[in-house]
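Here's the structure we're looking at; comments come further down.
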Amino acid sequence: AGYNYPLRDLGDGFNMFSSAVNILDYVMEDYMVLANYVKGFENGAVEASNSPLLAKYPNMLLDYSTTDGSGRIVLEEAVREEVKEVVQTPETEEEVVEEAPIAEEKNKNTIVYVVLICALAVIIIAFAAYSYFDDYIVSKNKEVTVDEGIVISSDTNNGFPVTFTSDDIISVDNVSSKMIVLTKKLLTSISTSGKVKYLSSFTYVEPTMISGNKYGIVYDRASAKYMLFNKDKVCFTGETSDKNHIITAAINDNGSYVLVTKSNKAACNVSVYDKNGESVYIWRCSDEYIVSVDISDNAEDIICAGIGAKDGVIYTKIYHLNIFKDKHVNEYVINGSSVVDVKINSGDHIIASCDNSRLIIDLSEAENKPNVVKYSSQAMACDSNETGYTAVLNHKFGSFDKNQITVYDKKNKAVYNCDIESHVSDIICKGKKVYLLTEDSIVEVSSGKSNVLTQTQANGKGLVVCENKLYYYSTGSLRTGK
């Protein structure tokens, strides 16, 4: 912080180094400098007589624990009296006698306060250092072996790529400006400078990650097990209250979450939990198989999207639930469609994306009448953001290499579309802009025009945005985009 603010961020107008080039960057956090300084003293005793510099400079004077310093500058008694007379000439000898004990007492109190503050600072630094070293840490040009022989390493330049040996990356999400990486066996947190923090290992058969802005869940689709985490740690691990396999999940910014599980008495169970893992609500869906779910920020409203079939025709049904009501608040049916994703957007809109249509429900309107837009071709991927815009990827002519991106606003109006002559692995919608990961590049789409931002390594799986920077990941590595 002491380095970043004035020199990197040019804080308080401190801009005389604005054109300077960092030749060695992100070497160490400020508290780590202090922690290493304390560690340099034997047994952590920060004293002049215990200084590590004495071995190299035996005659070096370092003792500042006394008011007279180290004795390099000494005032003779005669000079002391002259200084005393110049500074203050008391009218009587009694004044000197009375004031001397008071001044001496003040000096003692000041020394006590300074010692207490220094002791507190040392304790804080030691705790920070312990917390720092207590985790597996990987920084530039370093590697570490963690559970089951998995090796995590990073590059020398800017910390990227971060590679995972003997393990495969499943997905990467942004949680509180940290990239949370889910592999088949590990959960790790990676900063934008390439520092890796080990969070947890697990033995899930089909691990899947769902995250919000501050919290996330990793669950096993082959069991009832799951874990709740933030950017720094796994908060707790648990099992669903009904002990059934988890189908899908959602979590809000306050840590409340919803799990959809298989059921012996119905098609699915929908269970809501608080951030401590306590069950607060259960609803059973008897007919449809719930494939997507979302939870409001106040944890009161739940949106479920299920797929069913009737008379040989497939349909999607959207349920609006409230934890204070026994029955669902409302339901909406889209015939001939299979739902892909459902979101509560801006707190008052439901956005449901299906394979051949898109549905918007404005909860602030009295009738809550759904606004449905049919696609001209099959939708293969979609992404929505908090501003209400959604990007939808449609295949043209049934070809994976002939695609069209269409951006819709929260009123379900098409803002623009753009043809993409390449296979697309992932899409991210940021405002009205869309970022695509193709076979060999990251492409930005804006106002109907596409622009290649950077070339990528082959076999890219997905994109993630963290602190307004793009990153992409493949099976074994996480790399910077632009």
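None of the values given here were measured: they were computed from a predicted structure.
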Which pairs, with at least one residue in residues 216-255 and sequence neighbours excluded, count as a ring-ring contact (aromatic ring centres under 6.0 Å, His included)?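 Of all non-adjacent pairs touching residues 216-255, those that pass ring-ring contact (aromatic ring centres under 6.0 Å, His included) are Tyr226-Tyr257.
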If I take atom [atom1] from residue [X] and atom [atom2] from residue [Y], how far apart are they, to the nearest 0.5 angstrom?
X: Leu463; Y: Tyr435; atom1: CG; atom2: OH; result: 10.5 Å
X: Leu359; Y: Lys374; atom1: CG; atom2: NZ; result: 10.0 Å
X: Ile246; Y: Glu206; atom1: CD1; atom2: CD; result: 11.5 Å
X: Lys231; Y: Ser189; atom1: NZ; atom2: OG; result: 7.5 Å
X: Asn451; Y: Ile442; atom1: CG; atom2: CD1; result: 12.0 Å

May I ask you to test the [X]-[Y] pair for a side-chain heavy-atom distance under 4.5 Å?
X: Tyr389; Y: Lys433; result: no
X: His395; Y: Lys402; result: no
X: Met227; Y: Tyr204; result: yes
X: Ile334; Y: Tyr332; result: no
X: Tyr471; Y: Ile190; result: no
X: Leu186; Y: Ile152; result: yes
X: Met209; Y: Ile170; result: no
X: Val291; Y: Thr248; result: no

Strictly by modelled atom types, are [X] and [Y] linked by a side-chain donor-acceptor pair under 3.5 Å?
X: Glu288; Y: Tyr315; answer: yes
X: Ser241; Y: Tyr273; answer: yes
X: Ser256; Y: Asn254; answer: no
X: Thr163; Y: Ser477; answer: no
X: Ser474; Y: Asn459; answer: no
X: Asp401; Y: His423; answer: no

Can you tell me if [X] uses its side chain to pair, donor with acceptor, with the backbone of [Y] under 3.5 Å?
X: Asn371; Y: Lys411; answer: yes
X: Tyr416; Y: Lys432; answer: yes
X: Asn417; Y: Thr406; answer: no
X: Asp220; Y: Val205; answer: yes
X: Ser441; Y: Gln455; answer: no
X: Asn345; Y: Ile351; answer: no
X: Asp253; Y: Asn213; answer: yes
X: Asp173; Y: Ile180; answer: no
X: Asp383; Y: Cys429; answer: yes
X: Asn403; Y: Ser422; answer: yes

I'd like to know if Asp168 and Lys184 make a salt bridge, using a cut-off of under 4.0 Å between side-chain N and carboxylate O.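 Result for this pair is yes, salt bridge flagged.
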Salt bridge (Lys or Arg N to Asp or Glu O under 4.0 Å) partners of Asp440, counting only residues at least two apart: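 Testing Asp440 for salt bridge (Lys or Arg N to Asp or Glu O under 4.0 Å), a comparison that skips the adjacent residues, returns none.
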Salt bridge (Lys or Arg N to Asp or Glu O under 4.0 Å) with Lys265: which residues, sequence neighbours excluded?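 With neighbours one apart ignored, the set is empty.
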Taking atom [atom1] of [X] as the centre, does the number of heavy atoms from other residues, nucleotides or ligands within less than 6.0 Å exceed 12?
X: Lys325; atom1: NZ; answer: no
X: Lys410; atom1: NZ; answer: yes
X: Lys317; atom1: NZ; answer: yes
X: Glu386; atom1: CD; answer: no
X: Lys243; atom1: NZ; answer: yes

Start with the C-alpha distance between Ile420 and Leu393, add both sets of side-chain angles, then the distance that settles side chain to side chain contact (heavy atoms under 4.5 Å, CB included), and finish with yes or no. CA-CA 9 Å; Ile420 304 295; Leu393 174 71; 5.6 Å; no
Set of side chain to side chain contact (heavy atoms under 4.5 Å, CB included) partners for Lys461, sequence neighbours left out: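 Side chain to side chain contact (heavy atoms under 4.5 Å, CB included) list for Lys461, sorted by chain: Tyr473, Thr475.
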Name every donor-acceptor pair, under 3.5 Å, that has one atom in a side chain of residues 335-344 and the other anywhere in the protein, sequence neighbours excluded.
| residue | atom | partner | partner atom | Å |
| --- | --- | --- | --- | --- |
| Ser337 | OG | Asn356 | OD1 | 2.6 |
| Ser337 | OG | Ser357 | OG | 3.2 |

In a table with atom names and distances, give each donor-acceptor pair under 3.5 Å that connects a side chain of residues 275-286 to protein atoms at least two apart or in another chain.
none

Run the side chain to side chain contact (heavy atoms under 4.5 Å, CB included) test on Ser263 and Asp242 for me, step by step, so that the C-alpha distance in whole Å, both residues' side-chain angles and the decisive distance to 0.1 Å come before the verdict. CA-CA 8 Å; Ser263 175; Asp242 56 16; 5.9 Å; no
After noting the C-alpha distance and the side-chain angles of Asn269 and Ser271, does the key distance pass the side-chain hydrogen bond (donor to acceptor under 3.5 Å, both in side chains) rule? CA-CA 6 Å; Asn269 290 340; Ser271 303; 5.8 Å; no
Worked verdict on Phe160 versus Arg479 for side chain to side chain contact (heavy atoms under 4.5 Å, CB included): CA-CA 6 Å; Phe160 291 91; Arg479 300 173 180 270; 5.6 Å; no
Test applied, side chain to side chain contact (heavy atoms under 4.5 Å, CB included); reference residue, Val218; option that passes from Val234, Leu228, Leu187: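 It is Leu187, the one option of Val234, Leu228, Leu187 that forms the side chain to side chain contact (heavy atoms under 4.5 Å, CB included) with Val218.
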Between Val465 and Asn174, does the side chain to side chain contact (heavy atoms under 4.5 Å, CB included) criterion hold? Intermediate values first, please. CA-CA 7 Å; Val465 177; Asn174 178 4; 5.6 Å; no
